[in-house]
Novice: 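Please find one structure pasted underneath; my questions will follow.
Below, read A as the first sequence line, B as the second, and so on, with proteins coming before strands; counting in each chain starts at 1.
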Amino acid sequence: MDGHLGAAFFDRPTRRVARELLGAVFRTRGPGGVRAVRLVEVEAYVARDPANHAFGGPTRRNRSMFGPPGTLYVYRIHRVVCANVVTRRGEAVLLRAGAPLLPADARPSGPGRLARALGIEFADDGRRIGDGRWEIERDGPGVPTARIVAAPRVGISRATDRPLRFAVAGDPWVSRPRPPVT
DNA sequence: GAAAAGATTACCT
DNA sequence: GGTAATCTTTTCC
């Protein structure tokens, strides 16, 4: 399944989408030009998941999470924005870290820094894949299961035991706290 | 209208 | 390892 990923890619179980996004190239085209990273860390937010912003149904803030597969959900936390891609209704994958592919990309380790490196702003909330602003491409077989580490998600206070954080084992761009390398 | 919490980060010891 | 910064959204009175 190489090449550019469309809405059909995201219309699948969220955990699977999350794992298959590892190693994929996330590219944006904005006022600052083209920026790109190779994803090395993501988190899944699923149905009936108390840590999910969509838990409890649609609100003004999370409305993008109820858009079609391949919708960008951008939220603010403190003074930072973080980006997710919606999979199925009310579920999404948080983009946490990537390896920079272009010189202009500041260290994209951590969700806030990744979004900043890609030039993603709060105004991009609700944009859909295929609208020309951002795209995702797979240029290889993806990260083999043996090299994916699953760990509890970062920074949440509920459902803290679920292993829905996925990262490329040992990759230097994975954010802190680093999951065990095992 | 007021208060509390937050899917973070940077800087301190 | 701990804490402050900082501000919007949500929730409660």
Novice: So, A/Arg153 and A/Asp49, do they make that salt bridge, N to O below 4.0 Å?
Specialist: yes
Novice: Let me know the distance between CZ of A/Arg113 and C1' of B/dA10, rounded to the nearest Å.
Specialist: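 That distance rounds to 9 Å.
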Novice: Would you kindly give the CZ-to-P distance between A/Arg176 and C/dG1, to the nearest whole Å?
Specialist: 11 Å
Novice: OP1 or OP2 of C/dT9 versus the side-chain N and O atoms of A/Thr59: is any pair under 4.0 Å?
Specialist: no
Novice: For A/Ile156, answer base if it contacts any base atom (sugar-phosphate contacts may also be present), sugar-phosphate if it contacts only those atoms, and nothing otherwise; contact means non-hydrogen atoms under 4.0 Å.
Specialist: sugar-phosphate
Novice: Is there a Watson-Crick or G-U wobble partner for C/dA4 with both distances under 3.5 Å, and if so, which one is it?
Specialist: B/dT9
Novice: Whole-Å distance between B/dG6 P and A/Tyr73 OH?
Specialist: 14 Å
Novice: Report yes if the ring of A/Tyr45 lies under 5.5 Å from the six-membered base ring of B/dA7 with planes under 30°, and no otherwise.
Specialist: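 So A/Tyr45 counts as stacking on the base.
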Novice: More 5' along DNA chain C: A/Arg60 or A/Arg79, using each one's nearest nucleotide?
Specialist: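 Result of the comparison: A/Arg79.
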Novice: Does A/His78 have a side-chain nitrogen or oxygen under 4.0 Å from the phosphate oxygens OP1 or OP2 of C/dC7?
Specialist: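 So the side chain of A/His78 is outside the cut-off, no N or O lying under 4.0 Å from OP1 or OP2 of C/dC7.
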Novice: Given the ring of A/Phe66, does A/Arg63 sit roughly above its face, with NZ or CZ under 6.0 Å from the centre of the six-membered ring and within 45° of the axis?
Specialist: no
Novice: More 5' along DNA chain B: A/Arg116 or A/Ser157, using each one's nearest nucleotide?
Specialist: A/Ser157
Novice: Does a side-chain N or O of A/Arg76 approach OP1 or OP2 of C/dT6 to a distance below 4.0 Å, or not?
Specialist: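 Looking at the OP1 and OP2 atoms of C/dT6, neither is under 4.0 Å from any side-chain N or O of A/Arg76.
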Novice: Distance check needed: B/dT8 P versus A/His53 NE2, whole Å only.
Specialist: 8 Å
Novice: Give A/Arg61 one of three labels, base, sugar-phosphate or nothing, depending on what nucleic acid heavy atoms sit under 4.0 Å from its own.
Specialist: sugar-phosphate
Novice: Just verifying a value: how many Å separate A/Arg15 CZ and A/Tyr45 OH, rounded to the nearest 0.5 Å?
Specialist: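 A/Arg15 CZ to A/Tyr45 OH: 13.0 Å, rounded to 0.5 Å.
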Novice: CZ of A/Phe122 versus P of C/dC7: gap in Å, rounded?
Specialist: 15 Å
Novice: If you pin A/Arg158 and A/Gly110 to their nearest nucleotides in DNA chain B, which one's is more 5'?
Specialist: A/Arg158
Novice: C/dT8 P sits how many Å from A/Asp125 CG, rounded?
Specialist: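 So the two atoms are 15 Å apart, to the nearest Å.
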Novice: Could you state the atom-to-atom distance from CD1 of A/Ile77 to P of B/dT9 in whole Å?
Specialist: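 Rounded to the whole Å, the gap is 10 Å.
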Novice: Quick one: do A/Asp131 and A/Arg128 make a salt bridge, cutoff under 4.0 Å?
Specialist: no
Novice: In whole Å, what is the span from the OH atom of A/Tyr75 to the C1' atom of C/dC7?
Specialist: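 For the pair A/Tyr75 OH and C/dC7 C1', the rounded distance is 15 Å.
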Novice: Please test A/Asp125 against A/Arg76 for salt bridge (charged side-chain N to carboxylate O under 4.0 Å, His left out), starting from the C-alpha separation and ending with a verdict.
Specialist: CA-CA 10 Å; A/Asp125 182 48; A/Arg76 288 191 245 246; over 6 Å; no
Novice: Could you work out which one of B/dT9, B/dA7, B/dA10 sits closest to the side chain of A/Pro111?
Specialist: B/dT9
